[in-house]
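One structure below.
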Amino acid sequence: MSFSGKYTIQFKGLKNGQHPYEFELNEKFFAFFANTEVDKGNLLAKVLMFKKTGLLELDMTIQGTVNVLCDRCLEKFDLPLNYQGCLFVKFSESETESEDPDVIFLHPEAHQIDLSGYLYESIILSLPYRKVHPEGKKAQITCNPEMIQKLKKIVVTGKKETDPRWDKLKELKEDKNEH
């Protein structure tokens, strides 16, 4: 079975109604997608397909952890991930593209759907904008202590020094506004 075959649902010949599926998303899954910020993970995707006449509705839940780089200390850590979404598959003779990312079109003679790309995109889009180690007890930072010390050395304090030439110009401006 090929890579994408592991994440394919054969729907032709199934009766209308509910059909459950489960897919393991691990290191082999992420290795298929090059140049990504996630290269490891341990996730389970549960798909409940509702087959209807002329339509497939796929309710998806993806839960587990992905191994990502901490934006603060640059060390890898396991980030919990929880995704829920719904994909609608409609059938059309023409090559129709949907503006809705949760709706795709297949040819009426299609007999299967490959979910690997959709699962991958759902995971990547579920990642938070800022990925940092979770806080420990009493809101303690759990990042690499060496990196935190280095960051503290280069962090600029709250004091803002100004150029004295600008201060003189500001005084002139303030005097002008008062008159």
message = Show the nearest heavy-atom pair for residues Cys70 and His133, with the distance to one decimal.
response = SG-ND1, 3.4 Å
query = Considering only heavy atoms from C-beta outward, does the side chain of Leu55 approach that of Phe50 to under 4.5 Å?
reply = no
task = State yes or no: do Ile113 and Leu48 share one hydrophobic cluster built from I, L, V, M, F, W and Y residues joined by side-chain heavy-atom distances below 4.5 Å, directly or via other members?
result = no
inquiry  = Between Tyr118 and Phe23, is the ring-ring contact (aromatic ring centres under 6.0 Å, His included) condition met? List the steps.
reply    = CA-CA 13 Å; Tyr118 185 83; Phe23 303 101; over 10 Å; no
ask   = Are any non-hydrogen side-chain atoms of Leu56 and Phe88 less than 4.5 angstrom apart?
value = no
key: Shared hydrophobic cluster, Tyr120 / Val66 (ILVMFWY, side-chain heavy atoms < 4.5 Å)   = yes
inquiry  = In the structure I gave you, are the side-chain heavy atoms of Glu24 and Lys6 within less than 4.5 Å of one another anywhere?
reply    = no
request  = Determine the minimum heavy-atom distance between Lys12 and Pro108, stating which atoms define it.
outcome  = NZ-O, 3.2 Å
ask   = Does a side-chain N-to-carboxylate-O contact under 4.0 Å join Asp100 and Lys90?
value = no
ask   = In Å, rounded to the nearest 0.5 Å, how long is the span from NZ of Lys76 to CG of Asp39?
value = 3.5 Å
task = Quick one: list whatever passes salt bridge (Lys or Arg N to Asp or Glu O under 4.0 Å) with Glu75, sequence neighbours left out.
result = none
request  = Decide side-chain contact (heavy atoms from CB on, under 4.5 Å) for His19 and Ile9; before the verdict, give the C-alpha distance in whole Å, the side-chain angles of both, and the deciding distance to 0.1 Å.
outcome  = CA-CA 10 Å; His19 303 278; Ile9 294 178; over 6 Å; no
inquiry  = Is it the case that over 12 heavy atoms from other parts of the model lie below 6.0 angstrom from the NZ atom of Lys46?
reply    = no
query = Do Thr61 and Tyr83 pass the side-chain contact (heavy atoms from CB on, under 4.5 Å) test, and can you show the C-alpha distance, the side-chain angles, and the key distance before you say yes or no?
reply = CA-CA 6 Å; Thr61 302; Tyr83 168 81; over 6 Å; no
request  = Output yes when a side-chain donor or acceptor of Lys131 lies under 3.5 Å from a complementary backbone atom of Leu79, and no otherwise.
outcome  = no
ask   = Are Leu69 and Val132 grouped together when hydrophobic residues (ILVMFWY) are joined by side-chain heavy atoms under 4.5 angstrom apart?
value = no
ask   = Shortest non-hydrogen contact from Glu57 to Asp59?
value = OE2-OD1, 3.6 Å
key: Where Leu119 and Ala45 come nearest, the two heavy atoms and their spacing   = CD2-CB, 4.0 Å
key: Test log, rule ring-ring contact (aromatic ring centres under 6.0 Å, His included), inputs Phe29 and Tyr7   = CA-CA 10 Å; Phe29 174 80; Tyr7 308 100; 5.0 Å; yes
request  = Verify the neighbour count for atom NZ of Lys40: are there more than 12 heavy atoms of other residues, nucleotides or ligands below 6.0 Å?
outcome  = no
request  = Decide yes or no for Leu115 and Tyr21: does some side-chain heavy atom of the first lie under 4.5 Å from some side-chain heavy atom of the second?
outcome  = no
message = Testing the basics here: between Leu81 and Ser126, what is the closest heavy-atom pair and its distance to 0.1 Å?
response = CD1-CB, 3.8 Å
request  = Please say whether more than 12 non-hydrogen atoms of neighbouring residues, nucleotides or ligands are located less than 6.0 Å from CD in Glu109.
outcome  = no
message = Starting from Leu58, can I reach Phe105 by hopping between I/L/V/M/F/W/Y residues whose side chains sit under 4.5 Å apart?
response = no
ask   = Can Val38 be reached from Leu44 by stepping across I, L, V, M, F, W or Y side chains whose heavy atoms are under 4.5 Å apart?
value = no
message = Would you say that more than 12 heavy atoms from the other residues, nucleotides or ligands in this model lie under 6.0 Å from the NZ of Lys15, or not?
response = no
Inter-residue atom distance Ser122.OG - Leu25.CG, 0.5 Å rounding = 10.0 Å
Check: Asp78/Asn67 side-chain N/O donor and acceptor closer than 3.5 Å = yes
ask   = Is there a side-chain contact (heavy atoms from CB on, under 4.5 Å) between Gln84 and Met60 once you walk through the steps?
value = CA-CA 6 Å; Gln84 287 189 312; Met60 297 187 204; over 6 Å; no
note = Across all chains, not counting sequence neighbours, the salt bridge (Lys or Arg N to Asp or Glu O under 4.0 Å) partners of Glu27 are none
ask   = Would a 4.5 Å heavy-atom cut-off, applied to side chains only, mark Leu106 and Phe11 as touching?
value = yes
